[in-house]
Peer 1: 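Mind having a look at this structure? Questions to follow.
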Amino acid sequence: MLCGSGLSLWMTAAAMSRSLPKTIALKVVESESKPAEDAFYGHILPPAAYRFHLSIGLSEPELLLNTGSTFAYGTYLHNWAGTDRSWVQAFHQPLLVLEGVPLAKLIQLDPSLSLQDTLISAQAAVGGVFAHPPEDHKHPLSRAEYGYAFDPKELTALYKAVSLTRSIQLIEARIDHVERNSTDITSVTLSDGQRLSADLFIDCSGSSAILLSPSKIEAKGSSTMQALISRITDTPVGKAAQTIKSGDYGWQSEITLRSGARRMTVFHEDSRQIAAAAHGTDPDASITLSLGCRENAWAGNCVAIGQAACVVEPLTTAPMKLLLRDIQRLMDLFPVSTDMRIEAREYNRVFQDDVCHAEIFNQAHFVMTTLPNGPYWQAASAQKQTSKLTRKLTQYESRGHLVAYDNEPFDDVDWAILHDGMGRQPRRRDPLASLAEPAKVAARLEQRQKSIQSVLSKMPPHSIYVSKFLSYLHRKHSQNG
Amino acid sequence: MTAAALAYKFHRTKTSITLVESEQIGTVGVGEATLPHIRFFNQALGIDEVTFMRATNATFKLGIEFCDWGQIGDRYVHPFGDFGEPLQGVDFHHLWNQLRQLGLKTPLDEYSYPIVAAKSARFHHPDPDLSKIESTFGYAYQFDSSLYAKFLRTFAEKHGVTRIEGKIVEVDQNAETGHVETLRLESGQTIGGELFIDCSGFRGLLIEQSLKTGYQDWSEWLPCNRAVAVQSENVGTLLPYTRSTARTAGWQWRIPLQHRTGNGHVYCSHFISDDEARSQLLDGIEGALTTDPKQLYFMTGRRNQFWKKNVVAIGLSAGFLEPLESTSIHFIQEGITALLELFPDTAFATSDQEEYNERMGLNFERVRDFLLLHYVATERDDSEMWRHFRNLTLPESLQSKIEAWMHRGLVPSYEFSVFLPPSWIAVFMGQRKLPLAGDPRMGRIPLDDIRQYAENLHSSIRNSVDRAPDHLTFIQGTGSSSKTVPESL
Ligand SMILES: Cc1cc2nc3c(=O)[nH]c(=O)nc-3n(C[C@H](O)[C@H](O)[C@H](O)COP(=O)(O)OP(=O)(O)OC[C@H]3O[C@@H](n4cnc5c(N)ncnc54)[C@H](O)[C@@H]3O)c2cc1C
């Protein structure tokens, strides 16, 4: 039985209804949705969503035809944390190795070089252009990866529609009471008086975690965050990227969909006034969320998915990546019997890794010598640095070495881009990178940048690409009836 | 290996490399089976396969055949490759296990290209076209490691390494920092340096005898502590795989090279005498012996630190896990790769050492669990050693893996490990540990589709292997044969 509402509920339902055998009966108890909370999953689907969509039988054309989604090469952070640092946290294939040395290390040899100049997805995002990466591996654009900018409400409706094409029992009701024995949930009583039981309960109720939370598991270490959210209808499609700006209040994200822009301003309660001014328009919704994670997302016969397990700040694609990974993990470990202890243990082990590694990626955005004054930034800098992040930063700052752990939602490309974007400079040159002949390296890099620029000059603006692609899809769709 | 790799990286730089070796002391003189990663080591150094194979009497290796491990009379191969391919997201071993429960008699091994090829003594290079069944494997080599060492020594010298023959009798350390500063040879010659790489074998001349790093004894889990090794003449077909046969107090290896076969018995001295161990070994050898049996002593485990001050231990000086899965030479390669990535400057940042130690420690630990699996995933209890393993409390990391497997055929995967899920599946399945349940997603796939899929896979592997050249012909055809191949082969 799945309980909850919104994005996590219907993504999970779509995956389960598609992957599990028909002998497993699925009940979905959908309570009144809290769409605003879903904004905390962010507004960008990472490239991994493509595989998820394939797994639930949803093609890219279907996604585009049924939602106002646009393409995204990543997130453009503009003057991050009040500094002069701007970069695209781009989606990109593994970085090249030139002259036997990884590209990221070569870039570190010369402070005037930036990794950004060598990433075609970053350059295309800044230049406002878009095209699908070709399959030809020799083409520079084949190195780019992309995701989608989306509206949570539209996407939820699509996943719901996908789920309901399969055999699911949908019950629209609130959960009034959860009955338990010492380890498990035995049944739930709904607002319409029905009492339902199930072997496995999936909690997609968002941060309130109505099924999981009264069990002894407490969200660990949390801070509260506010957000204002608006839909701005008359904005045309812009860059193929999310844009994030920051101010003393916190930060503001904007994406442009075919149905206008979505703006979200994230701030600390004490800065509400300046945040509202920075938001610049009347918010459609204002939300308060406590950040934090439960120690275990699977307890007894209940699994919490998405925000029911963990609420992470949507400064990066972390919350969406975690949601996708929660669903994949659940599918991989779907119980084989009512004794779920082994599944729960393995699930929680990987969940904890995933969360910890996603959180340190977010946290790394705030490790800088000076941060803006506001309470948002003070709270961020007061977070205790975990030893895993310390190891990553120490190694990078010492010699540009990228430490990797098992189960990381953000890979070494993401980390290399982040460090470079934030202007982190290793104290030492890597001795082996220094062996590469500077002239050869410079020539290779220049050649690379030229070929990127030449491709970019032929790429259409994102808005034009989207509208042409959509008219093509509409034509094809109408031809096929 | 270390000298060659460093020489290749630094030969056009100001860094000078000196290698001190002692013929008088000699090398451990064993070590013949490798893992597929060794190919990347050779490739990175620009070493051509044919030249290398000729120089080292190498044969190809598609995996290891394990005999008598699950129960006496059992055989399975741990291949360098997967079993089948997933169908609609469900791993092949689940499909096979379901078919088996419904009466399928074909063993899992027959759904693995490298196993079928190995058993048929056939070999070819993997096809670069990844859509073909002929691409679905990796391979390694079986070679004479002493010849490989000589081959790499020449390579290193060509790339500027200065080799000094002599025995190190004294090591001078800086009184303040404890860093090693000079090595004094028996001849009186002294050799100074900034970074010292200790490849001195089990004794750990610098890392242990000088720096007193300490050793973690893992005999609690891997109690084998001795080996007796002997070489014999080749008999019969030249096999592209290593064989490991479980014994009452350890196990025996058989490694076919082009010109001879390497044999050895790894055992635990608590459970068998040296004499008995030797006679068990000799009884099990087919060809005539060409050397006297050589006795070796070791303790499984690892140094507390692999890198301390200005000394990095690589090879047996860093630690040793019994050669059941041919991992020692691989550890050397891992050590070199990590050292190159974290190569120090003269300031010797502690962060470089910490990272190196962390990384190598994880490598050792994960291999330890995999080796131990062979001893505990078994029905054997016919000797004291096997009963010892029955009662052993396993490391939590291994215990939970076994439980996950038995419960539902799941191998929790780690990104950083030499042995990925297919290796674990091979050992579990091969040693009679069949999971009690499978992936529930299998219930969506019609049984006929599963049957058809398995049948197609089976026949396409068989047909393709039948067309493949035989191992020896392939070695000869590529010009990889060394002059020492006997006429009779
Ligand atoms: C029984 C057994 C079976 C094995 N099988 C395999 C296998 O199948 N596959 C695999 O990958 N590995 C195997 N190994 C491991 C493999 O043999 C070693 O990893 C490999 O040979 C490298 O050894 P080494 O160079 O570290 O040490 P050694 O071979 O011991 O070399 C040490 C070197 O240091 C020099 N030295 C030492 N002290 C001094 C001194 N005072 N002065 C000057 N020089 C000195 C010696 O002369 C020698 O050259 C096996 C090991 C054992 C014990």
Side-chain angles (χ1 to χ4, degrees), chain A residues 15-24 51 54-55 100-102 105 200 328 331-337 339-343 345-347 349-350 353 387 390-408 411 426-437, chain B residues 6 8-15 44 88-91 94 195 338-347 349-352 354-356 358-359 362 366 396-397 399-417 435-446:
Chain A
M16 289 176 69
S17 62
R18 174 77 179 197
S19 300
L20 297 177
K22 297 206 171 75
T23 47
I24 296 176
R51 252 189 77 202
L54 278 188
S55 77
V101 184
K105 288 206 166 170
L200 178 67
Q328 184 60 47
M331 293 295 95
D332 290 344
L333 290 165
F334 198 82
V336 292
S337 72
D339 181 355
M340 305 171 189
R341 283 171 300 177
I342 288 179
E343 281 87 358
R345 183 178 64 195
E346 176 61 9
Y347 186 98
R349 178 184 77 82
V350 181
D353 265 7
S387 57
T390 307
R391 181 171 161 205
K392 283 218 182 234
L393 294 176
T394 309
Q395 286 301 325
Y396 189 82
E397 283 164 353
S398 163
R399 58 179 301 143
H401 179 67
L402 295 167
V403 172
Y405 302 111
D406 287 322
N407 302 317
E408 283 204 74
D411 64 15
R427 281 190 300 279
R428 288 178 290 161
R429 288 173 168 194
D430 185 90
L432 286 187
S434 312
L435 298 181
E437 281 177 42
Chain B
L6 294 185
Y8 186 75
K9 278 286 173 198
F10 290 106
H11 74 284
R12 286 204 205 94
T13 70
K14 285 183 221 136
T15 307
Q88 296 180 29
V90 178
D91 285 338
H94 293 295
L195 172 68
L339 175 60
L340 287 174
E341 267 180 46
L342 295 164
F343 205 81
D345 52 29
T346 47
T350 47
S351 60
D352 294 344
E354 282 164 5
E355 187 60 20
Y356 184 92
E358 187 84 33
R359 202 161 133 175
L362 193 64
R366 290 193 168 164
E396 165 53 29
S397 46
Q399 184 62 38
S400 58
K401 276 200 159 187
I402 294 176
E403 283 168 7
W405 172 264
M406 290 310 293
H407 181 64
R408 57 178 297 146
L410 175 85
V411 181
S413 71
Y414 296 101
E415 269 152 69
F416 301 103
S417 175
L436 302 173
D439 187 330
R441 288 172 290 191
M442 195 159 41
R444 266 200 104 81
I445 314 173

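So that the names make sense, note that chain A is the first sequence line, chain B the second, and so on, each numbered from 1.
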Peer 1: Heavy-atom distance under 4.5 Å between the side chains of F10(B) and L432(A), does that happen here?
Peer 2: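 Answer yes - side chains close enough.
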
Peer 1: Judged by modelled atom types alone, do T394(A) and S351(B) share a side-chain donor-acceptor pair under 3.5 Å?
Peer 2: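 No, S351(B) and T394(A) have no side-chain donor paired with an acceptor closer than 3.5 Å.
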
Peer 1: Test of understanding: with ring pair (Phe, Tyr, Trp, His ring centres under 6.0 Å), list the residues that count as partners of Y356(B), not counting sequence neighbours.
Peer 2: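 Y356(B) satisfies ring pair (Phe, Tyr, Trp, His ring centres under 6.0 Å) with W307(B) once adjacent residues are dropped.
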
Peer 1: Where do R428(A) and A349(B) come nearest, in terms of heavy atoms and distance?
Peer 2: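 Closest approach of R428(A) to A349(B), heavy atoms only: NH2-CB, 3.7 Å.
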
Peer 1: Most heavy-atom pairs under 4.5 angstrom with chain A, which of L342(B), D439(B), T15(B)?
Peer 2: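 Of the options given, most contacts go to L342(B).
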
Peer 1: Please state whether the side chain, the backbone, both or neither of S400(B) comes within less than 4.5 Å of a heavy atom of chain A.
Peer 2: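 Looking at S400(B), backbone and side chain both touch chain A.
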
Peer 1: Among E358(B), M442(B), R12(B), which residue forms the greatest number of heavy-atom pairs with chain A at distances under 4.5 Å?
Peer 2: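 Most pairs with chain A among the choices: E358(B).
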
Peer 1: Can you confirm whether R341(A) sits close enough to H407(B) that some side-chain heavy atom of one is under 4.5 Å from a side-chain heavy atom of the other?
Peer 2: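 They are not in contact (no side-chain heavy atoms under 4.5 Å apart), so the answer is no.
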
Peer 1: Can a donor-acceptor pair be found, under 3.5 Å and without considering hydrogens, that links the side chain of R408(B) to the backbone of L333(A)?
Peer 2: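 Pair found, side chain donor or acceptor close to backbone of L333(A).
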
Peer 1: Contact between R444(B) and R18(A) at the side-chain level, heavy atoms closer than 4.5 Å - yes or no?
Peer 2: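 Not touching, per the 4.5 Å side-chain cut-off.
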
Peer 1: So which heavy atom on D352(B) is nearest to which on S398(A), and how close?
Peer 2: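 Looking at all heavy atoms of both residues, the closest pair is OD1-OG, 4.2 Å.
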
Peer 1: If I compare all heavy atoms of A404(B) with all of I342(A), which pair ends up nearest, and what's the gap?
Peer 2: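 Heavy-atom minimum between the residues: CA-CG2, 3.7 Å.
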
Peer 1: Is any side-chain heavy atom of E343(A) closer than 4.5 Å to one of L410(B)?
Peer 2: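 No - every pair of side-chain heavy atoms lies 4.5 Å or more apart.
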
Peer 1: Non-hydrogen atoms of chain B under 4.5 Å away: do they reach the side chain of S55(A), the backbone, both or neither?
Peer 2: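 S55(A) has no heavy atom closer than 4.5 Å to chain B.
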
Peer 1: Mark yes or no for whether R399(A), through its side chain, and F343(B), through its backbone, hold a donor-acceptor pair below 3.5 Å.
Peer 2: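 Confirmed, R399(A) side chain pairs with F343(B) backbone.
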
Peer 1: Nearest 0.5 angstrom please: K105(A) NZ to E341(B) CD, how far?
Peer 2: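 Answer rounded to 0.5 Å: 6.0 Å.
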
Peer 1: Do you know the tightest heavy-atom contact between A404(A) and F416(B)?
Peer 2: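 In terms of heavy atoms, the two residues are closest at CB-CZ, 3.5 Å.
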
Peer 1: Under 4.5 Å from any heavy atom of chain B, what part of P335(A) do you find: side chain, backbone, both or neither?
Peer 2: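 Contact with chain B is through the backbone of P335(A) alone.
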
Peer 1: Measuring heavy-atom distances to chain A, does L362(B) have an atom under 4.5 Å in its side chain, in its backbone, in both, or in neither?
Peer 2: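 When you check distances to chain A, no heavy atom of L362(B) falls under 4.5 Å.
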
Peer 1: Which one wins on heavy-atom pair count under 4.5 Å against chain A: D345(B), I445(B), T13(B)?
Peer 2: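 If we count pairs closer than 4.5 Å to chain A, D345(B) comes out on top.
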
Peer 1: Is chain B contacted by the side chain of N407(A), its backbone, both, or neither, given a heavy-atom distance below 4.5 Å?
Peer 2: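 Interface part for N407(A): both.
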
Peer 1: When rounded to the nearest 0.5 angstrom, what is the spacing between CD in Q395(A) and CD in E354(B)?
Peer 2: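 Here the rounded value is 8.0 Å.
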
